[in-house]
Peer 1: 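Before anything else, here's the structure in question.
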Amino acid sequence: MSVGLALQGLVAGYGATVVVDGISLALPPGGTLAVLGRNGVGKSTLLATLMGLTTLHRGAVLLASDRIDGLPTHQRARLGLGYVPQEREIFPSLTTEENLAVSALPGGWSIAAVLDLFPALKERHRTTGNRLSGGEQQMLAIGRALVGGPKVLLLDEPLEGLAPIVIETVFAALTKIRDESGLSIILVEQNADFALSFAQDVAVLDRGKIVHFSSSSALRADEATQARLLGVSR
């Protein structure tokens, strides 16, 4: 099996504090993985580690079989890691179109394609980031990652704090990206129903370790395991 992204024994955190503790997994090209778990178990830290934003104590990160764990964040982005952080982190003083333009790399989505994906942004293409709604900022954060030409898209809580109607819009866009772009996608999400319906496979973290790995359909059908690992029930 060809591998889009591989993690080998990752141990990482902040300074001397270990948050991610020995995680290994492989994501094939075009594969989708949901990362679930209770708050504070290391999900967001895992994505930050892939981008080089934490202290890596041990382990390796391979993108298309090439090690990238020794590279700075901007080089990882140029090689094909697209990151949508939980805080969105758009440029507040730049317009929607300018936010996309400064993030664009050769081979990435065109600005027009992003605005077609998110019609709400097309209407607000000359609006500065600090005047966008939370939902529009989330759309812009996703679009900014796409114009960078990712091979692997890392999504950290893309639905957090959004109104139900906006969740539907973002979900539809992410589904279109999944189905039509060929990208590998890792999704960190508190909404287990959404995550399991979106991704092919699922990893559940606890205390920085993978405590469950299966197809999403298998975990979705196993309510007892969901309740035990995630503290959720239907």
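We use all heavy atoms of the structure for the numbers below, so side chains are in, but hydrogens, waters and symmetry mates are not.
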Peer 1: Is it true that the side chains of Glu160 and Gln190 contain a donor and an acceptor less than 3.5 Å apart?
Peer 2: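 Judged by distance alone, the side chains do not pair up.
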
Peer 1: Verify the cluster assignment for Val19 and Tyr83: are they in a single hydrophobic cluster under the rule of side-chain heavy atoms below 4.5 Å apart?
Peer 2: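 Shared cluster, no.
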
Peer 1: First locate atom CZ of Phe91, then atom OG1 of Thr128, and finally report the distance between them rounded to the nearest 0.5 Å.
Peer 2: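 So the gap between those two atoms works out to 14.0 Å.
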
Peer 1: Check Asp193 against Arg220 and note the closest heavy-atom contact, atom names and distance.
Peer 2: O-NH2, 4.3 Å

Peer 1: Which heavy atom in Glu98 sits nearest to a heavy atom in Leu94, and how many Å separate them?
Peer 2: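 Closest pair (atom of Glu98, atom of Leu94, distance): OE1-CA, 3.4 Å.
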
Peer 1: Taking atom types as modelled and ignoring hydrogens, do the side chains of His212 and Ser214 form a donor-acceptor contact shorter than 3.5 angstrom?
Peer 2: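 Yes, side-chain donor-acceptor contact under 3.5 Å.
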
Peer 1: In Å and rounded to the nearest 0.5 Å, what is the CG to OG1 distance from Asp156 to Thr45?
Peer 2: 9.0 Å

Peer 1: To the nearest 0.5 Å, what is the distance between CG on Leu162 and OG1 on Thr169?
Peer 2: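 It comes to 9.5 Å.
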
Peer 1: Under a plain distance cut-off of 3.5 Å, with no hydrogens placed, do Thr54 and Thr49 share a side-chain donor-acceptor pair?
Peer 2: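 Side-chain D/A pair, Thr49 to Thr54: present.
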
Peer 1: Between Val18 and Val11, which heavy-atom pair has the shortest distance, and what is it?
Peer 2: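 Closest pair (atom of Val18, atom of Val11, distance): CG1-CG1, 3.8 Å.
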
Peer 1: Is it true that Asp206 and Arg38 have a side-chain N and a carboxylate O under 4.0 angstrom from each other?
Peer 2: no

Peer 1: Taking 4.0 angstrom as the limit, do Glu136 and Arg124 come out as a salt bridge?
Peer 2: yes

Peer 1: Given Ile90, which partner from the list Leu100, Asn99, Asn130 fulfils the side-chain contact (heavy atoms from CB on, under 4.5 Å) test?
Peer 2: Asn99

Peer 1: For the pair Thr96 (side chain) and Arg126 (backbone), establish whether a donor and an acceptor sit closer than 3.5 Å, ignoring hydrogens and angles.
Peer 2: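 Side chain of Thr96 to backbone of Arg126: no pair is present.
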
Peer 1: Between Ile186 and Leu153, is there a side-chain heavy-atom distance shorter than 4.5 Å?
Peer 2: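 Result no, sub-4.5 Å side-chain heavy-atom pair not found.
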
Peer 1: Assess the residue pair Leu132 and Met139 against the criterion (side chain to side chain contact (heavy atoms under 4.5 Å, CB included)); give the C-alpha distance rounded to whole Å, side-chain angles, the decisive distance to 0.1 Å, and a yes or no.
Peer 2: CA-CA 10 Å; Leu132 298 176; Met139 297 173 198; over 6 Å; no

Peer 1: With the side chain counted from C-beta on, respond yes when Ile68 and Leu81 share a heavy-atom pair under 4.5 Å apart, and no when they do not.
Peer 2: yes

Peer 1: What's the separation between atom CZ in Arg88 and atom CD in Glu157, rounded to the nearest 0.5 Å?
Peer 2: 11.0 Å

Peer 1: More than 12 non-hydrogen atoms from neighbouring residues, nucleotides or ligands closer than 6.0 Å to CZ on Phe171, yes or no?
Peer 2: yes

Peer 1: Going from OG1 on Thr32 to CG on Asp179, what distance comes out if it is rounded to the nearest 0.5 angstrom?
Peer 2: 9.0 Å

Peer 1: What distance do Ile210 atom CD1 and Leu7 atom CG have between them, rounded to the nearest 0.5 Å?
Peer 2: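 Answer rounded to 0.5 Å: 8.0 Å.
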
